[in-house]
Each structure stands twice: as C-alpha cells, then as structure tokens.
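Shown next, in structure tokens, is the structure this report addresses.
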Amino acid sequence: MSSQMGHFLGPDDSSEIEPFDPEALQYGGSTTTGTPSTVGRKAKQTPVIVSSNNGRNGSRSSRKSSPNTPKQKTRDSDCCSINFIKYSLHIFNTIFLMSGMVIVGVTLWTVFWKHQYISLLSTTNYAIGTYALLAAGLLAVVGGVLGCCGVCHEHRGILLMYTFILLFVFLLEAIVGGLAYLYETQIEAELQHSLNSTFVEHYGVSERQTQAIDSMQQEFSCCGAVRFEDWRNSVWLRSRRKDLIRPTEGRLVPDSCCVTVSPLCGLRDGPSNIHYTGCIYQMTDDVKHHLIILGAIGLGLSVIQIFGMILSCCLYVKLKNVLD
C-alpha cells in the first residue's frame with residue numbers, strides 16, 4: 001500500500017527540501033520583446049533623479065505661462081493703512097471744526113462790536129474781508145461735520161465733496177489773510193486822507209456815521225479827527241441847519257468830546273472839559289491791530305487745510321483700490 005500511495009519522507013530527507021520563499025517564486029516566460037518576465041517578485045523601485053536645471057526650466061516656463069495678475073491691495077498695504085489715515089483725519093477734523101468756530105467768533109465780534117467804525121472808512125476792503133472770513137468759518141464748521149461722516153462711513157463721494165470744501169476754505173482764508181496784511185500797511189494813509197472829511201461833512205447829517213463818531217470819541221477819549229479844532233470847520237457847527245440829527249444849540253464841540261459826558265457839556269472847549277487828542281491815532285492803532293489778528297487767523301489756519309486735503313485724497317485713493 002505504501003508503494004501505491006507514494007514515497008513517504010523519512011527523517012533524513014528534510015535536508016533535500018528548500019525553504020519556501022515567496023519572493024523567489026518565478027515564472028518562466030518571455031515578453032514579446034524577448035526579455036524575461038518576472039511575476040510575483042516585488043520589483044525594486046529605482047529612484048528617479050530629476051536634474052536641477054530641468055526643474056528650474058520648468059518653473060520658469062510655468063511662470064511665463066501663468067497670466068500676469070495685478071497684486072491685490074488690502075487695507076494695510078502701501079505705506080499707510082486705511083485705519084491710520086482715518087484716525088489722522090478724525091484728529092484733523094476736530095482741529096478743523098474748532099478753527100471754524102474760532103473764525104466765526106472773531107468775525108462776529110468784529111461785526112457787532114467794531115462794525116460801526118467801518119462806516120467811517122472810505123473803502124469797503126475791511127468789510128469785505130470780514131464777511132469773507134465769516135463765510136470761511138461757517139464752511140469750516142460744515143466741512144468738519146461732513147468730513148466726520150465721510151470718514152466714519154468710508155463714503156468716497158462725501159470725501160470728494162469734503163476735499164473741495166477744504167480747498168475753498170483754504171483759498172478764502174489765504175486771500176483774506178493776504179489782503180488783511182496788505183491793507184494794514186495802507187490804513188494809516190487812508191484814515192489821514194478820509195477821516196477828517198468824514199467828521200466834518202457827515203456828523204449831524206448821517207445817522208449812522210454820527211453815532212459811530214460819538215461812540216468813537218467816547219471809547220477812545222478823543223475829540224475830532226486830528227484835533228478838536230476840526231469841529232470849527234464842520235457842517236454841523238457852521239451850517240446852522242434846522243434838520244440836523246444833533247442840533248448845535250450853541251455847542252463848540254459835540255458832547256461826546258467831554259471828559260464827563262453830560263447834556264450841553266460841549267458849550268466849553270477848555271482842556272479841563274474836553275479831550276484834545278484826535279481820534280485818528282487811536283483808531284489807526286485799533287484797526288491795524290484788528291487787521292493783524294484777521295491776517296494771522298486767515299494765513300495761519302489756511303496752512304492746516306493743506307494737511308487735510310492730503311489726508312482726504314490719500315483715503316479716497318486707498319478706498320478706490322482696496323480689497324476687503
């Protein structure tokens with residue numbers, strides 16, 4: 001039976017059997033190209049070496065083939081960020097708004113407290129400059145509020161309008177400031193040429209100028225334009241008109257010339273009773289001083305508008321190119 005079932009391995013036959021190696025299993029055969037084919041054995045992967053030159057050339061070709069897309073700007077790109085410009089504009093608007101209020105206050109003081117003396121001037125330069133500066137102050141207040149709204153909401157249309165307001169205020173202040181300093185050098189010659197004729201010809205005839213002369217003589221403690229003798233050649237004293245606003249009634253000078261103002265105190269023109277100094281000197285110094293103030297305010301504050309225009313233009317451009 002053992003012969004029929006086959007030959008059984010004995011203990012000494014184990015040396016004739018080779019250990020099973022799955023990786024060594026090969027199947028003979030050949031491919032169509034005649035090279036032997038190995039099936040079942042794990043093929044060793046050979047590393048692929050790519051030369052550096054080919055890699056560089058490939059990267060260059062990929063760069064050339066990629067489209068040239070523009071660099072997108074953000075809120076923090078360029079030298080100044082949008083937030084920095086906004087904070088700077090908020091600070092500027094605060095200063096701008098306060099400067100507008102200062103201008104309005106000074107010009108209103110000029111109109112209500114000094115405007116009565118403007119009627120004694122022969123030209124309207126002083127009045128035009130005062131009202132132009134008042135308009136600049138009101139525009140500055142409106143522009144400050146408008147600028148705050150435009151900056152907070154980042155509205156480019158409001159910022160553009162705000163920039164034009166700054167430009168207009170800058171031109172007004174610069175022109176008024178320059179004219180004030182120019183007129184300050186000419187006011188003395190103008191008063192010497194015209195103030196005496198205004199005193200002599202219009203006192204007692206024009207209500208507005210009569211009140212201005214009386215107020216000036218009491219405030220400045222003066223009498224007449226250059227000296228008290230000027231009243232001797234005046235229409236008020238020599239005409240003997242019945243329709244005069246201030247009747248003469250035997251006076252030698254108006255009652256406003258007296259040291260102590262009282263009815264009919266101008267009947268005597270002695271040095272103990274009236275002022276001997278003319279009003280032209282004090283008025284010249286007062287008008288010059290006020291023109292210097294207007295000129296300093298106009299020219300000084302106009303420089304501030306330049307920084308505001310630069311900041312608003314920068315914010316306008318940044319908002320145009322920004323990508324949130």
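- Judged by distance alone, the side chain of Q305 and the main-chain N or O of F170 form no donor-acceptor pair under 3.5 Å.
- Linking ILVMFWY residues whenever their side-chain heavy atoms come closer than 4.5 Å, directly or via other members, places V226 and L191 in the same cluster.
- Atom OH of Y181 has more than 12 neighbouring heavy atoms from other residues, nucleotides or ligands inside a 6.0 Å radius.
- Within 6.0 Å of the CE atom in M161, the count of heavy atoms belonging to other residues, nucleotides or ligands does not exceed 12.
- For an aromatic pair to be called close, the ring centres must be under 6.0 Å apart, and F96 with F92 satisfies this.
- A distance of 8.5 Å separates CE in M216 from CG in D286, rounded to the nearest 0.5 Å.
- Two different hydrophobic clusters hold L299 and I187 under the rule that ILVMFWY side chains link at heavy-atom gaps under 4.5 Å.
- Looking at S234 and Y203, their side chains never come closer than 4.5 Å, going by heavy atoms from C-beta outward.
- Annotation: side chain of V104 is in contact with side chain of L138 (closest heavy-atom distance under 4.5 Å).
- A single hydrophobic cluster is seen to contain both V287 and I213, as judged by linkage of ILVMFWY side chains at heavy-atom distances under 4.5 Å, directly or through other members.
- Across every non-hydrogen atom of C265 and T260, the tightest pair is SG-O, 4.0 Å.
- Residues satisfying the disulfide (SG to SG under 2.5 Å) criterion with C314, sequence neighbours excluded, are absent altogether.
- In this structure, the side chains of V259 and N273 stay at 4.5 Å or more apart for every pair of heavy atoms.
- The OG atom of S256 sits 11.5 Å away from the CD atom of Q211 when rounded to the nearest 0.5 Å.
- Here CZ of F164 is found 10.0 Å from OG of S312. Values are rounded to the nearest 0.5 Å.
- E207 and I245 make their closest contact through OE1-CG2, 3.0 Å (heavy atoms, listed as atom of the first residue, atom of the second, distance).
- Residues C279 and Q217 are in side-chain contact: their nearest non-hydrogen atoms beyond the backbone lie under 4.5 Å apart.
- Nearest heavy atoms, G270 versus Y276: C-OH, 3.6 Å.
- In this structure, E190 and Y183 have side chains that are in contact, with non-hydrogen atoms separated by less than 4.5 Å.
- When all heavy atoms are compared, the tightest approach of D255 to L264 is OD2-N, 3.2 Å.
- At a threshold of 4.5 Å between non-hydrogen side-chain atoms, the residues R251 and W236 count as touching.
- The pair D269-R232 counts as a salt bridge, with a side-chain nitrogen and a carboxylate oxygen less than 4.0 angstrom apart.
- Note: D230 CG to I280 CD1 = 9.5 Å, rounded to the nearest 0.5 Å.
- Under the 4.5 Å side-chain criterion, counting only non-hydrogen atoms from C-beta, K288 is not in contact with T185.
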Checking side-chain contact (heavy atoms from CB on, under 4.5 Å) for the pair V205/T210: CA distance, chi angles, key distance, verdict? CA-CA 7 Å; V205 178; T210 300; 6.0 Å; no
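- We find the CG-CD1 distance between L311 and I91 to be 9.5 Å, quoted to the nearest 0.5 Å.
- For the pair I304 and L301, the minimum side-chain heavy-atom distance is below 4.5 Å.
- W231 and G224 make their closest contact through NE1-N, 3.3 Å (heavy atoms, listed as atom of the first residue, atom of the second, distance).
- C148 is linked by a disulfide (SG to SG under 2.5 Å) to nothing, counting only residues two or more places apart in sequence or in another chain.
- Using a 30° and 60° split on the angle between ring planes, H290 and Y126 fall in the tilted class, from 30° to 60°.
- L120 and M283 get closest at one heavy-atom pair: CB-CE, 4.2 Å.
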